[in-house]
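The structure appears right after this line, and notes come after that.
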Amino acid sequence: MALGGLLSNRNFTSFTAPGNVYQLGKDLSPHRGDISCAFVARYGGQVAKDPFSRGWHGMRFHAREPLNEKVSKAIPTFQDEVHRCSSISQKSIHCMNMKLNARRFQCYLSSDPYSCSLIQQRAVYGLGLSKVGKANPACVHYKSESEVDPLASTEGTGEAILLEGNAPQVSSWWQKFPKRWVIVLLCFAAFLLCNMDRVNMSIAILPMSQEFKWNSATVGLIQSSFFWGYLLTQVLGGIWADKLGGKLVLGFGVVWWSMATILTPIAARFGLPCLLIMRAFMGIGEGVAMPAMNNMLSKWIPVSERSRSLALVYSGMYLGSVVGLAFSPLLIQKFGWPSVFYSFGSLGSLWFALWLKKAYSSPKDDPDLGVEEKRFILEGNVSNAPVSSIPWKLILSKAPVWALIISHFCHNWGTFILLTWMPTYYNQVLKFNLTESGLLCVLPWLTMAASANIGGWIADTLVRKGLSITTVRKIMQSIGFLGPAFFLSQLSNVKTPAMAVLCMVCCQGSDAFSQSGLYSNHQDIGPRYAGVLLGLSNTAGVLAGVFGTAATGLILQRGSWNDVFKVAVVLYIIGTLVWNIFSTGEKVID
């Protein structure tokens, strides 16, 4: 039987015993920090030497053959004193010689093969052992809190006993951080970049239109070209994510739209057609982001944490808009308008490197995921079954699916109007100048980021307290519909600009509660097809944004801002009724 081992870089090369040969590995590189020891020896003589220094040290051995074949009888229970340990074989294994002079020495033994947790300590002549193990791979940690002096070696005998389990690790805080929330934070960062790369054009278009002599119609065409690609990949992105995995699709999306962002200045100099194509390409990349993210979280996040995780990810979009609107003018002023696209687009490469290293499409694919966290995830109503085909007939026959689609349309009509036309409203109605309008436009994004996370925390708390998921989703989405409807209806009654701004901020703050309502519902009703479901409903949402923005312009030509708000309020009420009648938090598509 052979064993490969890792010791400190001192004088150990091999040790032998009659009938058995134990050869240590040659990798004797020094390690600082946490090093594991994979055996416990019952020493018949002096303890072997190694000039250990202060701190954590150890040795790791990996059996290439089952140790059970070399053990002549069952391993008895460890006692609280080393000298009471029973013999496990008739032969004494002449293993290694060390002398140890340690004033304080602690040892921790773990027989848990996954959790790597430190178990109860017991001091036994300076060596603490706990928990009975069985023959197989083993681990033990020891900690020396004082200097250990090297002494001359003497002969002694001992028996090596391997115990089943992984070595407990002394991990940094980021290693103890739940892996599922690492996935959430990476998705948050992706959505931060998504909106940074999207809104930079709204700032850069001003100097670009001056340089290239574009009129307002051309500017509108350029702004709308993004949605050509964005609409194209909503459903396709969901299909790809459900079949190929969210990691691949979201990674592809970020790389694609980052490259399109970097190439935008070059395309603009080649001519308007090239620029329109590049903006549509950017929309293709960003179009897969939401379905792929939804697919990832449907597999990684249990239902008790679903609202919080989605709220955090979507708040990345809001904060991305804040960052983009804040830094774009500074970059343009100092380095010119192309710098916005080059700097923002290059950030995607940094994100992609982390994504490749840390992300997995499913917890079942992650080899480093702890058993306790994996059990918690898989027991939390999460579906990880692979998708081979999309049951379109089944999906489109379910009333909760159509409730999602209609509600998403009604929600985005009002949301896109507020976000697109708000600077014009501040300027024309409230008589703010453009600088003041721009600063005030940041307030809704910040409010939505905060409200989304507050709503997510409230929703998950209600679920943990036993309230049904259906009830929680209906409550949160009702706030997301009726809150904006109420505050928009009050705009015609306010007399001061300050009160009007307050109404707008409260309107969008309550709108963000939708992240814990309809935006969380795709994973509730069909976790295996969460990507496709989000692609379907978000297609309706994007169409609402396109039509709603255009319709608002037509209404303002013949009517007033009150008419614009009335249309939005009516759609919010329709969405509330449809949602509360037909939606559910139970799984209806399996």
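Numbering starts at 1 and runs along the sequence shown.
Under the 3.5 Å distance criterion, the side-chain polar atoms of Ser209 are matched with a main-chain donor or acceptor of Leu206. Using a distance-only test at 3.5 Å, with no hydrogens or angles considered, a donor-acceptor pair links the side chain of Ser451 to the main chain of Gly509. Remark: the backbone N or O of Thr218 is paired with a side-chain donor or acceptor of Asn215 at under 3.5 angstrom. Looking at Ser315, its side chain does come within 3.5 Å of a backbone N or O of Leu312 through a donor-acceptor pair. Within the 3.5 Å criterion, the main-chain N or O of Gly320 finds no donor-acceptor partner in the side chain of Asn195. At distances below 3.5 Å, not a single donor-acceptor pair connects side-chain atoms of Gln508 with backbone N or O atoms of Met448.
Taken to the nearest 0.5 Å, the OG1 atom of Thr447 stands 10.0 Å off from the CD1 atom of Ile454. Atom CZ in Phe376 sits 5.0 Å away from atom CZ in Arg180 (nearest 0.5 Å). Separating the CD1 atom in Ile479 from the NZ atom in Lys474 is a distance of 15.0 Å, to the nearest 0.5 Å. Note that OG of Ser339 and CZ of Phe344 are 8.5 Å apart. Values are rounded to the nearest 0.5 Å. A distance of 11.5 Å separates CG in Leu404 from CD1 in Ile395, rounded to the nearest 0.5 Å. Interatomic distance, CG of Leu482 versus OG1 of Thr576, reported as 4.0 Å (0.5 Å rounding).
Arg269 has a carboxylate O that lies under 4.0 Å from a charged side-chain N of Glu211, or vice versa, which qualifies the two as a salt bridge. One finds no salt bridge joining Arg306 and Asp460 here, because no Lys/Arg side-chain nitrogen approaches an Asp/Glu carboxylate oxygen to under 4.0 Å. Salt-bridge check for Asp242 with Arg528: failed, with every basic side-chain N at 4.0 Å or more from each acidic carboxylate O.
Side-chain contact between Met196 and Phe327 is absent, with no heavy atoms from C-beta onward closer than 4.5 Å. Using a 4.5 Å heavy-atom cutoff, the side chains of Trp445 and Met317 are not in contact. Contact check for Leu354 versus Leu186: side-chain heavy atoms found under the 4.5 Å cut-off. Contact of the Phe487 side chain with the Met504 side chain is not registered, since no non-hydrogen atoms from C-beta on lie closer than 4.5 Å. With contacts defined as side-chain heavy-atom distances shorter than 4.5 Å, the pair Leu319/Leu446 qualifies. Inter-residue side-chain proximity for Trp402 and Lys398 is flagged as unmet; no heavy-atom pair is nearer than 4.5 Å. With contacts defined as side-chain heavy-atom distances shorter than 4.5 Å, the pair His411/Asp511 qualifies. A heavy-atom distance below 4.5 Å is not found between the side chains of Phe481 and Ser510.
Note: Trp337 and Phe341 have perpendicular aromatic rings, judged against thresholds of 30 and 60 degrees for the angle between ring planes.
Each of Tyr519, Tyr314, Trp579 was compared with Ser514 under the side-chain contact (heavy atoms from CB on, under 4.5 Å) criterion, and only Tyr519 meets it. Between Ser309 and the choices Leu185, Ile301, Ile183, the side-chain contact (heavy atoms from CB on, under 4.5 Å) rule is met once, by Ile301.
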Could you go through Thr471 and Ser468, starting from their C-alpha distance and side-chain angles, then the distance that decides it, and tell me whether this counts as side-chain hydrogen bond (donor to acceptor under 3.5 Å, both in side chains)? CA-CA 5 Å; Thr471 303; Ser468 72; 2.7 Å; yes

Would you please test Phe212 and Leu272 for side chain to side chain contact (heavy atoms under 4.5 Å, CB included) and show each step? CA-CA 9 Å; Phe212 297 108; Leu272 182 60; over 6 Å; no

Could you go through the side-chain hydrogen bond (donor to acceptor under 3.5 Å, both in side chains) check for Ser583 and Asn521 one step at a time? CA-CA 9 Å; Ser583 70; Asn521 194 234; 5.8 Å; no

Residue pair Met278, Cys274: steps toward the side chain to side chain contact (heavy atoms under 4.5 Å, CB included) verdict: CA-CA 6 Å; Met278 193 57 62; Cys274 290; over 6 Å; no

Side chain to side chain contact (heavy atoms under 4.5 Å, CB included) assessment of Phe547 paired with Val542: CA-CA 9 Å; Phe547 295 147; Val542 173; over 6 Å; no

Are Trp228 and Ser225 close enough, and set up right, to give a side chain to side chain contact (heavy atoms under 4.5 Å, CB included), and what steps lead you there? CA-CA 5 Å; Trp228 305 346; Ser225 61; 3.9 Å; yes

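Counted within 6.0 Å of OH on Tyr342, heavy atoms from surrounding residues, nucleotides or ligands total more than 12; the atom is thus considered enclosed. With a 6.0 Å radius and a threshold of 12 heavy atoms from other residues, nucleotides or ligands, Phe270 has its CZ atom at or below the threshold. The environment of Trp457 atom CH2 is sparse: at most 12 non-hydrogen atoms of other residues, nucleotides or ligands sit within 6.0 angstrom.
The nearest pair of heavy atoms linking Pro207 to Ile332 is CG-CG2, 4.1 Å. Between Gly237 and Pro291, the shortest heavy-atom contact is C-CB, 3.8 Å. Closest approach of Ser307 to Arg473, counting heavy atoms only: OG-NH1, 2.9 Å. When all heavy atoms of Arg279 and Arg198 are compared, the pair lying nearest together is NH2-O, 4.0 Å. Thr584 and Pro400 get closest at one heavy-atom pair: CG2-CG, 3.6 Å. Closest of all the heavy-atom pairs between Lys299 and Ser361 is CD-O, 3.5 Å.
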Identify every side-chain donor-acceptor pair in residues 246-259 under 3.5 Å, counting partners at least two apart or on other chains, and give the distances.
| from | atom 1 | to | atom 2 | distance (Å) |
| --- | --- | --- | --- | --- |
| Lys247 | NZ | Leu356 | O | 3.3 |
| Lys247 | NZ | Ala359 | O | 2.8 |
| Trp256 | NE1 | Phe281 | O | 2.7 |
| Trp257 | NE1 | Asp197 | OD2 | 2.9 |
| Ser258 | OG | Val254 | O | 2.7 |

For residues 556-575, please give each side-chain donor-acceptor pair under 3.5 Å, one per line with the distance, not counting sequence neighbours.
| from | atom 1 | to | atom 2 | distance (Å) |
| --- | --- | --- | --- | --- |
| Ser560 | OG | Asn562 | N | 3.4 |
| Asp563 | OD2 | Ser560 | N | 3.0 |

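With sequence neighbours left out, Asn200 forms a side-chain hydrogen bond (donor to acceptor under 3.5 Å, both in side chains) with no residue at all.
There is no side-chain donor-acceptor pair under 3.5 Å between Asp365 and Ser362. Side-chain contact, Asn580 with Ser478: a donor N or O sits under 3.5 Å from an acceptor N or O. Gln523 and Tyr529 form no side-chain donor-acceptor contact under 3.5 Å, judged by distance and modelled atom types alone.
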